[in-house]
Structure formats: structure tokens, C-alpha cells
S.K.: 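Quick one: the structure is below, questions incoming.
For reference, positions follow the sequence shown, starting with 1. Just so you know, ligand 1 is whichever comes first in the structure, and atom 1 is the first atom listed for that ligand. All values below come from the heavy atoms of this structure, side chains included, with hydrogens, waters and symmetry mates left out.
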Amino acid sequence: MKKKILITRKLLRANEERAAKLWDVKLNLNDEVYSQKKLIELTQGFDGILSSLTDKIDEKVINSLPSSVKIISNFAVGFGNIDHEAAKKRNIAVTNTPDVLTDATAEIAMLLILGACRRANEGINYARNENWKWSADFLIGKQLTGSRLGILGMGRIGRALAKLAKSFGMEIHYRNRSRLSPKLEMGAKYHKDIKSLFSVSDVLSICCPATKETKDIINKETLEYFPSGAIITNVARGDMIDDEAMVQALISRKIYAIGLDVYKGEPKIHQGYLNQPTAFILPHLGSATKKTRTAMADLAISNIDEFFRIGKCRNRIN
Ligand code: GLV
């Protein structure tokens with residue numbers, strides 16, 4: 001008998017076709033974001049869930065899932081939307097999609113750095129309103145060449161970003177749970193603590209996972225560690241920034257500009273960022289290329305397939 005799999009959000013067509021060949025699938029043709037209540041109702045009689053980062057699968061949801069559900073395969077590398085420890089207690093496997101989105105996300109991290117440093121938001125507004133004229137001091141921004149990039153979280157995405165940023169002439173510094181081997185470090189300077197990293201970051205890129213330890217890691221106190229006029233960018237998760245403190249730092253010009261792709265409570269965006277011309281903001285586009293989204297869904301499908309065929313799965317995280 002074919003396994004029954006609930007796919008919570010719409011995928012690209014080729015991916016949905018593959019899933020439909022493998023299993024008895026329930027697709028979400030209207031791409032509605034299911035409430036927790038609806039998600040629980042829809043899983044009755046299902047063997048697995050292919051979830052997305054918009055599904056908040058917390059302990060309460062996990063404990064309300066029917067016992068038929070054996071796997072939650074998240075269509076994302078991040079898995080902060082799933083209480084994987086609660087899932088483990090119920091023997092439900094949780095998987096993610098590492099590797100395949102590394103380059104696409106590092107590209108967006110670079111775009112955030114460029115956009116924030118070179119005042120892209122203000123430039124776009126002037127150009128669209130046709131109310132500008134060229135002059136020697138018009139929209140002077142910060143040049144990347146020779147500046148120091150701090151990378152918080154030197155996993156796959158952080159390392160891919162380091163390579164790109166080096167080609168722009170930036171000097172790379174990083175903080176990670178553990179120091180990388182010289183081969184992976186590729187000349188980047190390791191910092192034992194965030195104070196040391198932030199104090200040398202002309203530009204910071206947040207690339208670390210959202211955990212209890214990293215929640216609000218950018219806050220009123222830690223913002224003081226940065227050089228005056230630093231730039232902060234975030235391609236990971238909104239949970240890492242205390243938005244109120246960040247907006248105040250932008251207003252006081254302690255922080256020159258910010259580049260964001262992710263937000264606490266997305267799709268909502270803190271009004272303070274919307275009001276700030278120095279905020280270069282994107283709507284969570286990190287992995288949004290056809291090549292990458294196709295590869296991610298393909299991997300999320302393969303994770304379920306592997307799990308049911310051989311009883312384990314390479315990308316299991318719990
Ligand atoms: C995107 O944000 C992801 O975690 O894959």
C-alpha cells in the first residue's frame with residue numbers, strides 16, 4: 001500500500017509530480033498556510049508530512065499528531081519551526097534539506113551586504129521617483145574593499161559567503177561553536193566570543209541557526225560592541241535580532257544600515273524597519289531560485305522515500 005503523505009505548501013510542479021508517483025499525496029493547491037488546528041486535522045490517517053518553514057509544529061502540535069505519522073520532512077535547511085525534541089520523544093523523525101541551498105543563500109547574503117553598504121534602498125527610491133540628479137556627493141555609501149566582514153555561524157552558508165566576500169576584497173572574521181580546520185577556515189580569523197567578533201565587524205552577516213543560545217543575540221548590550229557605523233545583515237532567521245534595539249541603533253546611526261531577508265514573526269516586518277531608508281529589506285528570498293527550490297523539494301521528498309525504504313535517513317536531525 002502506498003504511504004499517505006501530506007504536503008503542507010505548494011511545491012514546484014515537477015516536485016509535486018514526483019511525490020504523486022511515489023505516494024498517495026494530499027497537495028495544497030491553493031497554497032493556504034494551514035492553522036495548527038487544520039494541520040492536525042489533515043494528518044489523520046497520514047504516514048508523513050512534508051512541511052515548510054511557515055508551519056509552526058510546536059510541542060502541542062507534535063503531541064496531537066496521530067500515531068500513524070512517522071516523519072516530518074522540512075522543506076528548508078532551518079528547522080526552528082519544528083520542536084524536534086518533542087518529535088523524538090514520539091519517535092517521529094525530523095529531516096531538513098542541507099547543502100542544496102548553500103550557494104543561493106550565500107548570494108542573497110552578499111546582496112544584503114551590497115544593498116546595505118551601497119544604500120540601494122535609498123537609490124531605488126530616488127530612481128523610481130525620478131527626483132535625483134548626479135553629484136559628486138550623491139548617496140555616498142561604504143565600499144567593501146578592505147573592510148572587515150564578521151560571519152556569525154561558519155557553517156556551509158557562512159563559508160560560501162566568505163568565499164564570495166573575499167573576492168570583493170573583504171577580510172573575513174568569524175565566530176562558530178567550534179573553530180574550523182585550517183582547510184575550511186581558508187585564512188578567516190576565528191573569534192572565541194561574540195564581543196571579540198562584533199568589535200572587528202565593519203559588516204556582520206548572521207548565518208547561524210536559530211537556537212535558545214542565539215535568540216536575540218543582537219540586542220541593546222551587544223550592539224554596543226560594534227564599531228560606530230557598522231552594518232548588520234541577516235540571512236538566517238529573525239529570532240536572532242531584538243528589533244526594538246536594532247531600530248534604535250539605526251535611528252541613532254550607531255548602525256549605519258541593515259540588510260534583512262528574514263524577520264521575527266514573518267511575514268510581518270517591524271514598522272521601524274519599514275520607516276528606515278537605511279534598511280535594505282527583502283521578503284525571505286534566500287533559496288528562491290528555480291534550481292535551488294527544485295533541489296530542496298527533491299531532497300525533502302528523497303528524505304521521506306529513504307526513511308520508508310531503508311528505515312533511516314541521512315538528513316535526520318533528531
Ligand atoms: C530557508 O530559510 C531555509 O531554512 O531553508
S.K.: Find all atoms of ligand 1 within a distance of less than 4.0 Å from any non-hydrogen atom belonging to Arg237, and give their numbers and elements.
M.R.: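 Every atom of ligand 1 under 4.0 Å from some heavy atom of Arg237: 1 (C), 2 (O), 3 (C), 4 (O).
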S.K.: Please identify which atoms of ligand 1 are closer than 4.0 Å to at least one heavy atom of Gly78.
M.R.: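 Contacts of ligand 1 toward Gly78, numbered from 1: 3 (C), 4 (O).
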S.K.: Cation-pi check, Lys142 to Tyr256: give yes when NZ or CZ is under 6.0 Å from the six-membered ring centre and within 45° of the ring axis, no otherwise.
M.R.: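 Positive - Lys142 is close enough to the ring of Tyr256 and near enough to its axis.
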S.K.: Within 45 degrees of the ring normal and closer than 6.0 Å to the centroid, is that where the cationic atom of Arg128 sits relative to Tyr126?
M.R.: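 No, a cation-pi geometry is absent between Arg128 and Tyr126.
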S.K.: Who's the nearest protein heavy-atom neighbour of atom 5 (O) of ligand 1, and how far?
M.R.: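 Closest protein heavy atom to atom 5 (O) of ligand 1: Val77 N, 2.8 Å.
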S.K.: Within the 4.0 Å heavy-atom shell around Ala76, which atoms of ligand 1 are there?
M.R.: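 Per the distance check, 3 (C), 4 (O), 5 (O).
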S.K.: Relative to each other, are the rings of Tyr225 and Phe198 parallel, tilted or perpendicular (30° and 60° limits)?
M.R.: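 Tyr225 vs Phe198 ring planes: tilted.
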S.K.: So is Leu101 polar-close to ligand 1, meaning N/O to N/O under 3.5 Å?
M.R.: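 No - when backbone and side-chain N and O of Leu101 are compared with those of ligand 1, no distance drops under 3.5 Å.
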S.K.: So for atom CZ, which belongs to Arg90, do other residues, nucleotides or ligands contribute more than 12 heavy atoms lying within a distance under 6.0 Å?
M.R.: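 Enclosed: over 12 neighbouring heavy atoms sit under 6.0 Å from CZ of Arg90.
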S.K.: Check the side chains of Ser287 and Arg293 for a donor-acceptor pair under 3.5 angstrom, ignoring hydrogens and angles.
M.R.: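 Indeed, the side chains of Arg293 and Ser287 share at least one donor-acceptor pair under 3.5 Å.
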S.K.: Between His284 and ligand 1, is there a nitrogen or oxygen pair with a distance under 3.5 Å?
M.R.: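 By distance alone, the answer is yes.
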S.K.: Tell me the contacting part of Leu53 for ligand 1: side chain, backbone, both, or neither, using a 4.0 Å heavy-atom threshold, strictly below.
M.R.: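 Near ligand 1, Leu53 shows its side chain, while the N, CA, C and O stay back.
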S.K.: With a 6.0 Å cut-off (strictly less than), is the heavy-atom count around NZ of Lys2, excluding the residue itself, greater than 12?
M.R.: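 Above 12, so yes.
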